[in-house]
Amino acid sequence: MRASQFHLFTLKEAPSDAEVVSQKLMLRAGMIRKVAAGIYNYMPMGLRSIRKVEAIIRDELDRAGAMEIVMPIVQPAELWQETGRWDKMGAEMLRFKDRHDRDFAMQPTSEEVVTDIARQELKSYRQLPKNFYQIQTKFRDERRPRFGVMRGREFVMKDAYSFDRDMDAAGRSYDNMYATYCRIFDRIGLEYRAVAADTGAIGGDRSHEFQVIAETGEDAIVYCPDSDYAANIELAEALALQAARGEARIALEKTPTPGKATCADVADLLQVGLDTTVKSLVLASDESDDKGEIVKTTVWLLLVRGDHSLNEVKAGKIEGLGSDFRFATEAEIIEHFGCKPGYLGPIGLRKPVRIVADRSVANMSDFICGANEEDFHYTGVNWGRDLPEPDFVADIRNVVEGDPSPDGKGVLAIQRGIEVGHVFYLGNKYSKAMNASFLDIDGKPKHFEMGCYGIGVTRIVGAAIEQNHDERGIIWPAAIAPFEVVICGVGWGKSELVRDEATRLYETLKSAGIDVILDDRDERPGVMFADWELIGIPHRITIGDRGLKEGMVEYQTRRDGEQHKLAPADIAAHVIARLRA
RNA sequence: CGGGGAAUAGCUCAGCCUGGUAGAGCACUGCGUUCGGGACGCAGGGGCCGGAGGUUCGAAUCCUCUUUCCCCGACCA
């Protein structure tokens, strides 16, 4: 490709609404153009990277025995109604009607359609296992699309679905996909971590997220540097920080804390550590009848240490509370505690509530909590002496850096990550709901055991930039760079020698299968260098009269800026060796 | 969904308070000079100032409505 013929456009300034670095750089490098909120054109430069990501995914999935299909972007409501997700999905799913007033949706994912394929196509256990995947545009009407391709509404995703005859086989399919994902991300060349993730209603331990490590990541991932333990923060288990409860040493006392409504303020006022305070969170769970009318509301008091934070996923697993809990209203709080938020605690309740203590809180002694009276906290609080033991003790907090690892092999560390892949065992949730079955060896129908496996193609491109950039622009991993090599011809318009030498090298690299672009724009060198550094091409060869007079061309890498002067005759072999290394 | 903010040239922004024929830088076109790290000069092209209504002799500017976009929030009392 010649730069003079390519649609190359760069911006010195990013549009003011761009927030994160990948979005700014992709816009500035001319990779994407915004069309609407969370919706982008993929311009030639950007599409090249996207296609390279897709090619690696295709290659590895095909090698792993999966088969590519394409399912429609526009999907009929009927299939979604079979699984009940037409009603459950909420506003995230974009819905519309066709001219006959029939309901359709833009696919946010394709479990229903692929299960429909399976029940029509797969009749016998002899046809199993099967794994179908597609690389397809998805649409999720996010509440707040942002961060460019990192959280767009329209995006490209690879979604694969496996069908197996039993759980064991499904486990093998899962392991196969897990290993395949590792190969894919290794090849793309990103620093990533596979972490255990919450399995939600399905249960089991087969759910892993593939997270690209980047400071700007939206997810917190927890790992143990001394072992294999790695989990999403939603899942990471928090152990009690003290093995056993200490003895009560000081008396219960109601202490004035005027205007100090947060644990931090109270700890400050009383000159004690935040870890001696207990934070009170009030939740409510509603029970409704068949008509959806709320018939009963239970109020819950959750206690975590002042320096800890509530983990809502864990809270949702408390028996009786359920994942559809909500935060209590102020009226409910006053009704049960006789006090406004800010001074709440488990002592002196006006009406009974269910009390859940975090493991660490359950082992605390002489702690501080709200007195259920405005401007007062209790100090010297002890379980058993000053109040009954909690109704439940559970892990309900987020782990923090330095917590003991659940596998007992050291302490936990936390990194930020960008979720670019997810492998998930689905069980027969969808096959049952849609009555998708096959005849097993015993001649009896069985529901498919399914798994689903996603990779955010466009998000990978953004994540790669978040992880690899500097003040000049993008630094692509070679595997997904729009071009592997750029040849800059300095003084293109006036030097025939430069043109000849550059063109000869260009042809040589091209015929060696290198993805090379020749900058023949007759631009000033500064402009060329700045453009290609912004775009992030990993290898640059500069050919100019000045060097040629000395019998040299210049070779430079984008990542470390390391420069070599080489004879024109040697340059091709040198670059090819570097690329194939 | 709640609260803020913004909308003027392809991009970044000024002009609005105090109404009077729309500006700058970058980008683009032409000519010339320059030419190994985002050159310079001269000459150009490009915007009915998001849309609708109102006030006024006159509206980018004041008022009302509307659309779109952005930010914060929608758990940690």
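Remember, predicted model here, so these are calculated numbers, not experimental data. In the text below, chain A, chain B and the rest are named by the order of the sequence lines, each starting its count at 1. Just the heavy atoms: all of them, side chains too, but no hydrogens, waters or symmetry mates, feed the values below.
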Between the protein and nucleotides 75-77 of chain B, list every N/O to N/O distance that falls short of 3.5 Å.
residue	atom	partner	partner atom	Å
B/rC75	N1	A/Glu312	OE2	3.1
B/rC75	N3	A/Glu312	OE2	3.1
B/rC76	O2'	A/Lys279	NZ	3.0
B/rA77	O3'	A/Ala261	O	2.3
B/rA77	O2'	A/Pro341	O	3.4
B/rA77	O2'	A/Gly342	N	2.0
B/rA77	N6	A/Val282	N	3.2
B/rA77	N6	A/Val282	O	3.0

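- Within 6.0 Å of atom CD in A/Glu215, 12 or fewer heavy atoms from other residues, nucleotides or ligands are found, so the atom counts as exposed in its surroundings.
- Note on A/Ala36: nothing from the nucleic acid sits closer than 4.0 angstrom, heavy atoms only.
- Among the nucleotides B/rG38, B/rG36, B/rU12, the one closest to the side chain of A/Glu13 is B/rU12.
- Checked by atom type and distance alone, the side chain of A/Arg499 pairs as donor or acceptor with a backbone atom of A/Trp492 at under 3.5 Å.
- Nucleotide B/rA74 forms a pair with no other nucleotide shown, judged by Watson-Crick or G-U wobble geometry with both contacts under 3.5 Å.
- Closest contact between the side chain of A/Ala37 and the listed nucleotides B/rC70, B/rC11, B/rG37 involves B/rC70.
- Taking the C1' atoms as reference points, B/rU56 lies 12 Å from B/rG20, given to the whole Å.
- Partner assigned to B/rC17 is none, using Watson-Crick or G-U wobble distances below 3.5 angstrom.
- Looking at heavy-atom distances under 4.0 Å, A/Gly544 makes contact with a base.
- Counting only distance, with no hydrogens or angles, the side chain of A/His336 and the backbone of A/Ile333 share no donor-acceptor pair below 3.5 Å.
- Taking a pair to require two hydrogen-bonding distances under 3.5 Å in either a Watson-Crick or a G-U wobble arrangement, B/rG10 pairs with B/rC26.
- Using atom C1' as the reference point in both B/rU12 and B/rC48, the two lie 23 Å apart (nearest Å).
- Side chain of A/Arg472 to backbone of A/Ala530: no donor-acceptor contact under 3.5 angstrom is found.
- As rounded to whole Å, 16 Å separates atom P of B/rU68 from atom CG of A/Asp17.
- Each of A/Gly526 and A/Ser16 has a nearest nucleotide on RNA chain B; the 5'-most of these lies closest to A/Ser16.
- Pairing of B/rC69, defined by two Watson-Crick or G-U wobble distances under 3.5 Å, is identified with B/rG5.
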Please test A/Phe6 against A/Phe483 for ring-ring contact (aromatic ring centres under 6.0 Å, His included), starting from the C-alpha separation and ending with a verdict.
-> CA-CA 12 Å; A/Phe6 195 76; A/Phe483 296 95; 5.4 Å; yes
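- Between A/Arg546 atom CZ and B/rG37 atom C1' there is a gap of 11 Å when expressed in whole angstrom units.
- In terms of polar N and O atoms assigned as donor or acceptor, the side chain of A/Arg540 comes within less than 3.5 Å of the base of B/rG37 in a complementary pairing.
- Residue A/Glu533 has its side chain nearest to B/rG37 when only B/rG38, B/rG37, B/rG36 are considered.
- Atoms NZ (A/Lys565) and P (B/rG36) sit 13 Å apart, rounded to a whole Å.
- With values rounded to the nearest 0.5 angstrom, A/Met364 atom CE is found 6.5 Å from A/Thr277 atom OG1.
- Proximity of A/Glu234 to A/Glu312: side-chain heavy atoms (C-beta onward) are nowhere separated by under 4.5 Å.
- Using a 4.0 Å heavy-atom criterion, one finds that A/Gly547 contacts the bases of the nucleic acid, with or without backbone contacts as well.
- Taking atom NZ of residue A/Lys24 and atom C1' of nucleotide B/rC70, one finds them 13 Å apart after rounding to whole Å.
- Between A/Arg524 atom CZ and B/rU33 atom C1' there is a gap of 11 Å when expressed in whole angstrom units.
- Separating the P atom of B/rC49 from that of B/rU8 is a span of 11 Å, rounded to the nearest Å.
- Distance noted for atom P between B/rA9 and B/rU61: 15 Å (whole Å).
- With a 3.5 Å ceiling on both atom-pair distances, the Watson-Crick or G-U wobble partner of B/rC40 is B/rG32.
- Taking atom CD on A/Gln563 and atom C1' on B/rG37, their separation rounds to 11 Å, with Å as the unit.
- With respect to the salt-bridge test (charged N to carboxylate O, under 4.0 angstrom), the residues A/Glu373 and A/Lys254 qualify.
- Taking the C1' atoms as reference points, B/rC76 lies 31 Å from B/rC69, given to the whole Å.
- Side-chain atoms of A/Asp531 come within donor-acceptor range of the base of B/rG38, with a qualifying N/O pair under 3.5 Å.
- Using a 4.5 Å heavy-atom threshold, the side chains of A/Leu301 and A/Arg354 count as separate.
- Shown here, B/rC62 forms a base pair with B/rG54; the pair counts as Watson-Crick or G-U wobble because both key distances fall under 3.5 Å.
- Nucleic acid contact class of A/Glu523 (heavy atoms, under 4.0 Å, all strands): none.
- As judged by a 4.0 angstrom heavy-atom cut-off over every strand, A/Arg472 is placed among the base-contacting residues.
- Among the heavy atoms of the strands, none lies under 4.0 Å from A/Glu374.
- Atom pair A/Lys34:NZ and B/rU68:C1' shows a separation of 10 Å (rounding to whole Å applied).
- In this model, the phosphate group of B/rU12 is not approached by any side-chain N or O of A/Lys12 to a distance below 4.0 Å at OP1 or OP2.
- When the C1' atom of B/rG37 is taken as reference, atom CG of A/Leu534 falls 14 Å away, rounded to whole Å.
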Enumerate donor-acceptor pairs with a distance under 3.5 Å from any side-chain N or O in residues 90-97 of chain A to protein atoms, sequence neighbours excluded.
residue	atom	partner	partner atom	Å
A/Arg95	NE	A/Met93	O	3.4
A/Arg95	NH1	A/Trp86	O	2.5
A/Arg95	NH2	A/Trp86	O	3.3
A/Arg95	NH2	A/Gly90	O	2.9
A/Lys97	NZ	A/Asp103	OD1	3.0

